[in-house]
There are 2 protein chains.
Amino acid sequence: MESTLNDEQQKNRTPQMSELPTTCKEFRQACENCSLAKLCLPVSLAPQEMESLNSIIKKRLILERGKTLFNVGDSFSKLYAVHSGSFKAIMPTYYGKEQITSFYLPGELMGFDAIQSDQHQVNAIALETSSVCEIPFNGLLQLAGNIPNLQRQLIKIMSHKFNPDSNVNLNSNADERVASLLLALSSRFAQRGFSAVQFNLSMSRQDMANYLGLATETVSRIFTQMQEEKILQVNRKEIHILDFRQLQVRACVKVASE
Amino acid sequence: MESTLNDEQQKNRTPQMSELPTTCKEFRQACENCSLAKLCLPVSLAPQEMESLNSIIKKRLILERGKTLFNVGDSFSKLYAVHSGSFKAIMPTYYGKEQITSFYLPGELMGFDAIQSDQHQVNAIALETSSVCEIPFNGLLQLAGNIPNLQRQLIKIMSHKFNPDSNVNLNSNADERVASLLLALSSRFAQRGFSAVQFNLSMSRQDMANYLGLATETVSRIFTQMQEEKILQVNRKEIHILDFRQLQVRACVKVASE
DNA sequence: CCCCAAACTTGATCTAAATCACTACCCTAC
DNA sequence: GTAGGGTAGTGATTTAGATCAAGTTTGGGG
């Protein structure tokens with residue numbers, strides 16, 4: 001109901017967007033037209049339900065590489081759905097012992113960390129030029145109370161984090177960790193309609209290493225090692241998985257041979 | 001030496017467990033009479049809402065030490081609230097490289113891992129004689145749709161897992177990890193009305209080590225080292241935190257001095 | 001087009017923690 | 001009680017991966 005009005009509001013009120021060549025169309029895109037709808041919150045919503053959801057999702061923000069979407073301590077009121085690009089969530093500590101806790105791809109929701117205390121617990125930083133949809137949390141909850149499918153989907157999305165293999169296994173060694181991360185990314189790219197065996201990493205080696213609890217040099221070495229073993233072909237950010245099965249073996253099972 | 005608190009602890013813990021031949025009373029205990037209500041799902045529910053929640057929570061199960069509540073692959077239909085005792089969630093892998101992903105104390109909910117796929121992703125094993133309340137998931141969702149406070153509480157509970165410091169920091173070393181675990185347990189005991197500086201661990205050194213991604217010997221050594229430094233007093237499962245501040249320093253900041 | 005800084009790779013060395021090996025200390029059951 | 005298995009503590013040794021120290025590639029800006 002408030003589609004047009006909203007667009008105008010956006011245009012007038014959000015300064016950071018004006019610097020980018022954003023079209024009205026870009027801001028207008030509704031959930032029902034979004035190719036990510038089947039991954040994101042709108043899963044299995046009826047058209048008019050989709051419309052309700054769409055009505056509370058007002059803004060589309062665009063961030064350049066390195067820009068922060070929110071910081072530790074920022075007060076919480078919205079979740080953010082990645083529309084394009086990617087993000088990292090990073091928990092800073094004294095001494096630079098910061099820890100990257102997640103990477104986010106299109107269709108994934110950020111901000112759950114803040115529900116507990118109403119303050120964000122991590123910094124969310126764009127890994128490349130990216131856009132996000134703002135989802136007011138209170139509105140979402142209210143809507144979820146009326147739309148069982150939406151409630152279920154929200155809870156399902158949150159339950160991802162409870163799946164052991166969406167977290168790094170602390171009892172795995174370096175190559176298992178790298179292999180697991182590559183497989184996890186592969187499957188997430190595949191879900192989004194991209195190739196499962198060939199993709200570009202948006203994060204640096206350092207980001208990967210930090211996420212996995214390794215040194216960047218170690219990640220680098222494992223990449224070259226896996227290249228020598230014809231499991232991967234790596235060219236900077238470009239990953240080509242040559243032997244998927246073997247990568248799976250590396251990721252979890254680590255066959256007896258040796 | 002440890003006067004009232006320990007007695008309370010005893011009182012709260014042991015009696016319920018010894019009632020192995022479950023009485024009607026035991027099964028009947030309603031949420032409104034449960035001392036854990038303020039931690040568990042019933043937070044901030046009105047009496048009649050509490051009543052509705054109570055009406056779907058049917059069974060109380062009792063498990064002895066080492067018994068499993070559910071296993072990987074078990075089909076999902078219920079969440080479980082720990083009523084007394086404690087549990088570990090463990091993801092088994094080939095080669096015994098299993099990973100303990102969580103410990104659960106009274107008032108905490110288990111089973112979220114299974115929402116995604118309708119199958120449990122971990123084994124839940126009692127660390128001591130323990131009891132749980134079964135909460136049918138579909139019933140809970142339905143109720144949550146009608147009771148905003150319940151919905152909010154469910155989502156708040158799930159959001160715990162997104163808090164970076166409810167997970168082990170991968171870029172921390174052995175003593176930081178042990179210190180963090182002790183502080184986390186301390187705070188959870190305190191929430192439950194027990195002492196924050198003196199408590200009994202229900203898990204073995206091996207469980208702790210596995211959870212933290214360390215060797216049991218390392219955990220053992222760190223305990224003795226922290227004893228020598230007068231930070232802790234450890235007697236098998238019995239922990240006494242002597243220098244809380246110093247333990248916090250160990251856990252996250254690791255001050256320059258030394 | 002070249003320069004420079006950042007990102008990445010590679011090799012040499014070091015070290016925190018794993019592993020191995022053994023002793024000590026509970027509990028629980030005869 | 002005491003026998004015996006499981007759990008914990010401690011020392012000696014090894015090792016995976018960190019750290020240190022160069023190179024090398026790359027891409028963006030002047």
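In this text, all values refer to a predicted model and were calculated from it rather than measured experimentally.
Salt-bridge formation is detected for the pair B:Arg250/B:Glu229: a Lys NZ or Arg NE/NH1/NH2 atom is positioned less than 4.0 Å from an Asp or Glu carboxylate oxygen. With respect to the salt-bridge test (charged N to carboxylate O, under 4.0 angstrom), the residues B:Glu108 and B:Arg192 qualify.
D:dT25 atom C1' lies 10 Å from atom CG of A:Asn235, rounded to whole Å. Here C:dA6 presents its P atom at 15 Å from CG of A:Asp207, a figure rounded to the nearest Å. Across the protein-nucleic acid pair, B:Leu170 atom CG and C:dA16 atom P stand 19 Å apart, rounded to whole Å. Remark: C1' of C:dT19 and CG of B:Asn210 are 16 Å apart, rounded to the nearest angstrom. In this entry the distance linking CD of A:Glu176 with P of D:dG17 reads 9 Å, nearest Å. In this structure, the CZ atom of B:Arg236 is 8 Å from the C1' atom of C:dA24, given to the nearest Å. The distance from atom CG of B:Asn173 to atom C1' of C:dA18 is 15 Å, rounded to the nearest whole Å. One atom, CD of A:Glu238, and another, C1' of C:dA7, lie 16 Å apart when rounded to the nearest Å.
In this model, the phosphate group of C:dA7 is not approached by any side-chain N or O of A:Lys237 to a distance below 4.0 Å at OP1 or OP2.
A ring-centre distance under 6.0 Å is found for A:Tyr211 and A:Phe103. Checked against the 6.0 Å centroid criterion, the rings of A:Phe112 and B:Phe162 qualify as a close aromatic pair.
Residues from residues 213-230 of chain B placing a heavy atom under 4.0 Å of any atom in DNA chain C, listed by number, are B:Gly213, B:Leu214, B:Ala215, B:Glu217, B:Thr218, B:Arg221.
Under the 30°/60° scheme for interplanar angles, the aromatic rings of B:His120 and B:Phe70 are found to lie parallel.
The line from CZ of B:Arg60 to OG of B:Ser131 is 5.0 Å long, rounded to the nearest 0.5 Å. Here OG of A:Ser84 is found 10.0 Å from CG of A:Leu63. Values are rounded to the nearest 0.5 Å.
Rounded to 10 degrees, the angle between the two end axes of the helix from C:dC1-D:dG30 to C:dC30-D:dG1 is 40°, with five pairs used at each end.
The nearest pair of heavy atoms linking A:Met203 to A:Leu185 is CE-CD1, 4.1 Å.
For the 3.5 Å distance criterion, the side chains of B:Asn167 and A:Asn167 fail to qualify, holding no donor opposite an acceptor.
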